[in-house]
J.: 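Before I ask anything, let me first share the structure, which is written out below as C-alpha cells.
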Amino acid sequence: MEYFIQQLINGVTLGSIYGLIAIGYTMVYGIIGMINFAHGDIFMVGAFIALITLLAVTAMGITFLPVALLIVLIISMLMTSVWGWGVERLAYRPLRGSFRLAPLITAIGMSIVLQNFVQVVQGARVKPLPPQITGGITIMEKDGFLVQLSYMQILIIVTTVLLMAGFTLLINKTSLGRAQRACEQDQKMASLLGVNVDRTISLTFVMGAALASVAGVMFLLYYGVIDFYIGFLAGVKAFTAAVLGGIGSLPGAMLGGLLIGLIETFWSGYFSVEYKDVAAFSILAIVLIFMPSGLLGKPEVEKV
Amino acid sequence: MSDILLSLKGVKTYYGKIVALRGIDLDVHRGEIVTVIGANGAGKSTTMMTICGVTRAREGQIIYDGENITTLPTHQIVKKAIAQSPEGRRIFGRMTVLENLQMGAAVIDYAHFEEDLRMVYDLFPILEKRQSQRGGTLSGGEQQMLAIGRALMARPKLLMLDEPSLGLAPLVVKQIFEVVKELNEKQGLTVFLVEQNAYHALRLAHRGYVMINGQITMSGGGKELLSNPEVQAAYLEGGRH
Ligand SMILES: Nc1ncnc2c1ncn2[C@@H]1O[C@H](COP(=O)(O)OP(=O)(O)OP(=O)(O)O)[C@@H](O)[C@H]1O
Ligand SMILES: [Mg+2]
C-alpha cells in the first residue's frame, strides 16, 4: 500500500510534466491540423535556457531561491515563446496551404536543427545541476518504508494544476480563447468575423512553447541532468499523451499526460524499468483500437 | 460623403485558372437593398467572398466608403463594418449559440454587447431559448437565424446575406425577409442580398442585378426586373414561389 502511494505520487509528478508538453501538441494540431514535431525540442530549449539563467542569476548574487526561480521561469518562458513564435513564422507559415506532408517534414527538420544547435552551442555532454529544492514531507511510515512527498514534487504538481486551470479558463472564457476555437473550426469564417488568423496561430505556438518551457524548468529541477536529446523522448511521450487523450482536446492532453506518467511509473515500479515505454505505447495502441479519436477526442459526427 | 457605399469596378476573380468573375461592375448605395440573382454557379457567392477578400480580385477594384479595399486582409475589411452571413451558414458547430453571437461582436470589441444581444434575441426569440446549445445541433432554420444574428452583432453598415432562404420553410423565409426589410427601413441598414429565390428577393430589393456565368447581364429596379419577360422566363418560371 505504501509503495503504491509512493508510485502514485511519482506518477502524478511525471504526468504533470508530460501534460504540460502535451498541451502544445494538441493545441497546434487543433488549430492547423499539424503535428509540431519540433515541440519536444522547444521543451529541451526551455530547460537549457533555465539552466543558463539559473547560473547567471546565482552569479549575480541573487541567492534567495524563490526569487531566483521566478526569474528563471519568466526568462525561460519569454525566450522559449520567442523560439516557438520564430519556428512558426519561419518554418511553418510559408508552407501553409501547400500539401499536407510539407509542414510535417519541415517540423522534423526543425527538430533536428534545434537539437543540433543546442548540441553545438552547449556541447553533447550531460549538464548536471545540483538539487536546488530539497526535503519534503513524510506522509506515511510503516515498517521503515517512508512515503515521501518532496517539496519539488509539490512545486511541480501545484504549478501544473494552476497553469492548467488558468489555461482552461483562457480557452473557454476569454475572447482570445474563443478566437482560437473559432480558427480551429473554420478559419475563413473566423477571418470574416474580424479574427486575425495568422496572429491567432502565432499566439497558439507561443502559448504551447511557454507551457513546454515550464515543463523544461521543472524537468531540470526535478532530475538535475539535461542534454540536447531530452526533448526527443519527452516529446514522443507527450505526443503519445495527446493522442491518448484525444488530439485536439485540451482536457484530453492533461488526462493523457497524467495517464502516461502513471503507466510508466507503475510499470517501472511493479514490473520492469526496461519495458516502461513499451507499456505506455501498448496502452495507447489498445485505446486507439477501441476509441480511435482518443479518450476525450471529439467524435467526428457533426451536424452542419 | 458619397451616396455610394460599395462599388465594384471590373472585378475579375479566378479559382486557379478557372475564371469565376469576368469583370463585375456594380454599385450599392447607402440605405439600399440590392440583390444579385442568377443560376447555380453564376458567381454570386464568389462576388460576396471577393468583396471580403476571402477570394481575391485579380483585376479591378473594390471601393468601400470611398476607400480602395481590394487588397486589404479580410479581418481588416470586415472591421470597416461589413458583415456577412455566408453560403452554408458556417456556424461554429462546437460553440454554443451565445458564443457564436459573441464571435459576431468580436470585430467591434464587444462594444454594446448586451444591447445588441437583446436586439438579436428579440428578432429571433428561438435563439435565446437555444442560447447554451451547441451551434452544430441547431436545425437548419435555426442555424440560418444564428448566422444572420451573428452578422448583426457586428453592427454592420453593410449586411451581406448569401441565400438566407436556402432550405427553409416558406414561413421562416417570410420572417427572415421581414426582418431584413425592417432593419433597412428603421435603421437604414444597407443590404446586399444574394438569392435563388428571385421572386422574394426582387420584391424586397430596391435594385437588382442579374448574373450569368460570371457577368452582370441586366440591372434595374426590383419591380422592373420582376416584370421583365426575360427574367420571368429564366428565374421566375412556375410563377410565384
Ligand atoms: N473553391 C473553388 N474552386 C474552384 N472553383 C470554384 C470554387 N468555388 C466556386 N467555384 C466555381 O466558381 C463558379 C462560381 O461559383 P459560386 O459559388 O460563386 O456560384 P453561385 O452563383 O454562388 O452559385 P449557387 O447559386 O449554386 O450558390 C462556379 O462555376 C464554381 O464551380
Ligand atoms: Mg452561392
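Lettering follows sequence order; numbering is per chain, from 1. Being a predicted model, the structure only gives us computed values, none of them experimental.
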J.: Are side-chain heavy atoms of B/Val180 and B/Leu193 found at a separation under 4.5 Å?
T.: no
J.: In this structure, are over 12 heavy atoms from other groups packed under 6.0 Å from B/Tyr110 atom OH?
T.: yes
J.: Under 4.5 Å from any heavy atom of chain A, what part of B/Met49 do you find: side chain, backbone, both or neither?
T.: side chain
J.: Near B/Arg56 CZ, under 6.0 Å, is it more than 12 heavy atoms from other residues, nucleotides or ligands?
T.: yes
J.: For B/Val107, which atoms come within 4.5 Å of any heavy atom of chain A: side chain, backbone, both, or neither?
T.: both
J.: Going by atom types alone, do B/Thr13 and B/Thr46 pair a side-chain donor with an acceptor below 3.5 Å?
T.: no
J.: Looking only at heavy atoms and a cut-off of under 4.5 Å, which of B/Gln76, B/Met153, B/Arg150, B/Gln84 has the most pairs with chain A?
T.: B/Arg150
